[in-house]
Amino acid sequence: MDTPTTTKDMTMEDVSLQPPPGPPPTGQTPSVRIELGKHGEVEGPRTQLCSTCNTTVWTTVTTSITGLGFLWFLLCYCCCCVCALLPFHLNTFKKFKHFCPNCGALLKTISPKLTPTNLVFAIISIIFYFIMILLFLYVVAKYLGVVR
């Protein structure tokens with residue numbers, strides 16, 4: 001039986017039994033960094049120590065809309081825009097409050113940060129909506145004969 005010359009000719013057992021190529025690391029330990037996903041950090045319940053009742057509990061989470069979310073809703077609603085519903089679906093416009101289920105104490109409030117991309121998008125959208133309002137007012141004024 002011939003010895004396979006390339007990895008392509010080897011079976012799965014042959015490949016898995018071979019040591020990794022290259023010299024083994026000497027005195028260096030690999031560092032591993034674990035990051036929590038945004039979903040678990042913001043929206044969901046988490047284990048946290050309640051300083052009021054001195055127990056570790058799974059928090060109860062409530063959400064509310066921020067002032068920026070209500071401002072977005074009012075600006076877009078005035079223009080009859082479907083985008084007015086975005087604050088009710090995007091986490092950027094929400095505030096998450098974690099409460100202790102035993103004593104009801106507020107443990108933590110998390111407000112997701114507004115990223116620069118979201119901020120630029122919001123400013124461009126607001127400018128666009130104001131231009132649309134001015135255009136609508138101009139068309140109405142032209143129709144009524146106020147503007148020639």
Side-chain angles (χ1 to χ4, degrees), residues 7-8 10-13 15-148:
T7 311
K8 188 176 180 182
M10 295 180 183
T11 63
M12 191 55 112
E13 291 93 24
V15 173
S16 63
L17 294 177
Q18 291 183 352
T26 56
Q28 294 181 353
T29 57
S31 62
V32 177
R33 183 175 178 195
I34 299 174
E35 293 185 17
L36 294 174
K38 188 175 181 181
H39 177 73
E41 180 67 23
V42 177
E43 291 179 353
R46 57 191 300 171
T47 57
Q48 194 162 354
L49 176 66
C50 177
S51 58
T52 307
C53 59
N54 254 355
T55 56
T56 302
V57 294
W58 277 98
T59 60
T60 305
V61 182
T62 61
T63 61
S64 60
I65 306 296
T66 61
L68 180 63
F70 281 115
L71 178 67
W72 179 273
F73 173 75
L74 291 174
L75 287 174
C76 294
Y77 185 74
C78 291
C79 299
C80 299
C81 183
V82 179
C83 294
L85 300 176
L86 281 177
F88 301 106
H89 297 287
L90 295 179
N91 289 342
T92 305
F93 297 109
K94 292 182 181 177
K95 206 182 324 181
F96 298 93
K97 294 182 180 180
H98 294 264
F99 292 97
C100 174
N102 297 336
C103 63
L106 177 64
L107 301 176
K108 190 172 192 178
T109 301
I110 300 174
S111 298
K113 297 196 184 322
L114 188 64
T115 62
T117 306
N118 289 347
L119 185 63
V120 168
F121 175 72
I123 290 171
I124 289 172
S125 298
I126 289 171
I127 291 170
F128 176 74
Y129 294 133
F130 281 126
I131 290 171
M132 293 304 291
I133 289 172
L134 291 175
L135 183 64
F136 176 75
L137 292 174
Y138 175 75
V139 168
V140 168
K142 185 97 169 166
Y143 180 75
L144 294 175
V146 177
V147 177
R148 290 186 172 187

Asker: Rounded to the nearest 0.5 Å, how far apart are OG1 of T52 and CG of L107?
Answerer: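 Rounded to the nearest 0.5 Å, the OG1-CG separation comes out at 7.0 Å.
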
Asker: Search all heavy atoms of V57 against all heavy atoms of C100 and return the closest pair with its distance.
Answerer: CG2-SG, 4.0 Å

Asker: Let me confirm one number: the CD1-CZ distance from I65 to F93, rounded to the nearest 0.5 Å.
Answerer: 9.0 Å

Asker: Nearest 0.5 Å please: distance from the CG atom of L86 over to the CZ atom of F121.
Answerer: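 If we round to the nearest 0.5 Å, L86:CG and F121:CZ are 7.0 Å apart.
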
Asker: Does any part of the side chain of H98, heavy atoms only, come nearer than 4.5 Å to the side chain of L106, both counted from C-beta?
Answerer: no

Asker: Examine distances only and state if a side-chain atom of T109 and a backbone atom of K97 form a donor-acceptor pair shorter than 3.5 Å.
Answerer: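 Here the side-chain-to-backbone pair does not exist.
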
Asker: Could you give the distance from CG (N102) to OG1 (T60), rounded to the nearest 0.5 Å?
Answerer: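 Reported to 0.5 Å precision, the distance equals 8.5 Å.
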
Asker: Please report the closest heavy-atom contact between P112 and F96, naming both atoms and the distance.
Answerer: CG-CE1, 4.0 Å

Asker: If I take atom CD1 from residue I110 and atom CG from residue N91, how far apart are they, to the nearest 0.5 angstrom?
Answerer: 11.0 Å

Asker: Output the distance between atom OG1 (T62) and atom NZ (K95), rounded to the nearest 0.5 Å.
Answerer: 10.0 Å

Asker: Flag yes if more than 12 heavy atoms outside F88 fall under 6.0 Å of its CZ atom; otherwise flag no.
Answerer: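 More than 12 heavy atoms, drawn from other residues, nucleotides or ligands, come within 6.0 Å of this atom.
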
